[in-house]
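What follows is a set of notes on a single structure, which appears directly below.
Owing to the predicted nature of the structure, the values given are computational and were not obtained by experimental measurement.
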Amino acid sequence: MATPTDETVIAPFTAFAFAVEIDIPGVSPKACSAAFSECDGLEMTMDVKTIREGGNNGRQIRLTGAFSFGQLTLKRGMTANDELWKWFEAMRTRPRLRASAEVVVFAPGPQQKERARFILTRCLPVKLKAPPLNAKDGMVAIEELQIAYESLTRKAVSEGGT
């Protein structure tokens, strides 16, 4: 377990070395081979309920409320790989289909030592956007996927990594 002293000695994680592993039952065990250039939306929020005690104007009581989770946005350069499109299409005939996903943060360098792992459960694709096409720009075609998930946990990574 990290201590405050360790945090001042160890460098913070970088945001550019990561992989996204999506397991879609019946479609693909590792969709898109984890090749995404952007990942945003790993978040959870807890509502706080505030109660005022009658006659005590100087104090309020805070209670925990419901938890909610963000929506993951993934971007990647468009390729011939159409697993994300197949997942979205499969939702039409199998509306109960859910995927699981893991976002893995690596240390920079050739060894790709795992620093952190986030686990997302019961994932649903909510938006799949084809890239805008414009002949005058000469830009890479970027497709975007948004995923709703029901829970988010951070898995402990051993000191040696995996």
With rounding to the nearest 0.5 angstrom, report the [atom1] to [atom2] distance, [X] to [Y].
X      : Y      : atom1 : atom2 : result
Phe106 : Arg117 : CZ    : CZ    : 7.0 Å
Thr64  : Arg62  : OG1   : CZ    : 12.5 Å
Cys123 : Leu152 : SG    : CG    : 9.5 Å
Arg98  : Glu150 : CZ    : CD    : 6.5 Å
Lys49  : Asp47  : NZ    : CG    : 5.5 Å

Write down the atom of [X], the atom of [Y], and the distance for their closest heavy-atom approach.
X      : Y      : value
Val105 : Phe118 : CG2-CE1, 4.2 Å
Phe18  : Cys39  : CE1-CB, 3.7 Å
Gly26  : Arg94  : CA-NH1, 4.2 Å
Pro131 : Glu143 : CD-CB, 4.1 Å

Is there a path from [X] to [Y] through hydrophobic residues (I, L, V, M, F, W, Y) whose side chains come within less than 4.5 Å of each other?
X      : Y     : answer
Ile147 : Met44 : yes
Leu74  : Phe69 : yes
Leu145 : Trp85 : yes

- Item | Arg59 and Ile61: CA distance, side-chain angles, deciding distance, side chain to side chain contact (heavy atoms under 4.5 Å, CB included) verdict | CA-CA 7 Å; Arg59 181 168 182 256; Ile61 299 169; 3.9 Å; yes
- Message: Evaluate Glu83 against Ile24 for side chain to side chain contact (heavy atoms under 4.5 Å, CB included), listing each step before the verdict.
- Response: CA-CA 9 Å; Glu83 293 168 335; Ile24 310 165; 5.6 Å; no
Residue pair [X] / [Y], side-chain heavy-atom distance below 4.5 Å:
X      : Y      : answer
Trp87  : Ile22  : yes
Leu84  : Pro125 : no
Thr121 : Ser100 : no
Leu42  : Leu120 : yes
Leu124 : Arg122 : no
Leu97  : Pro25  : yes

- Message: Other residues, nucleotides and ligands only: do more than 12 of their heavy atoms fall within 6.0 Å of CE on Met46?
- Response: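 Result for CE/Met46: enclosed.
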- Which residues satisfy the salt bridge (Lys or Arg N to Asp or Glu O under 4.0 Å) test with Asp82, sequence neighbours excluded?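 Partners of Asp82 under the salt bridge (Lys or Arg N to Asp or Glu O under 4.0 Å) test: Lys86.
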- Considering residues at least two apart in sequence or located in another chain, which fulfil the salt bridge (Lys or Arg N to Asp or Glu O under 4.0 Å) criterion with Glu43?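 Result, salt bridge (Lys or Arg N to Asp or Glu O under 4.0 Å) vs Glu43: none returned.
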- Sole candidate of Asp23, Val20, Ile119 that passes side chain to side chain contact (heavy atoms under 4.5 Å, CB included) when paired with Glu102: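 Exactly one candidate clears the test, Ile119.
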- Message: Looking at Lys75, is its backbone amide N or carbonyl O close enough to the side chain of Ser37 to form a donor-acceptor pair, meaning the two atoms are under 3.5 Å apart?
- Response: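 A pair under 3.5 Å: yes.
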- Under the side chain to side chain contact (heavy atoms under 4.5 Å, CB included) rule, what do Glu144 and Met78 come out as? Steps first, then yes or no, please. CA-CA 9 Å; Glu144 179 180 319; Met78 188 173 184; over 6 Å; no
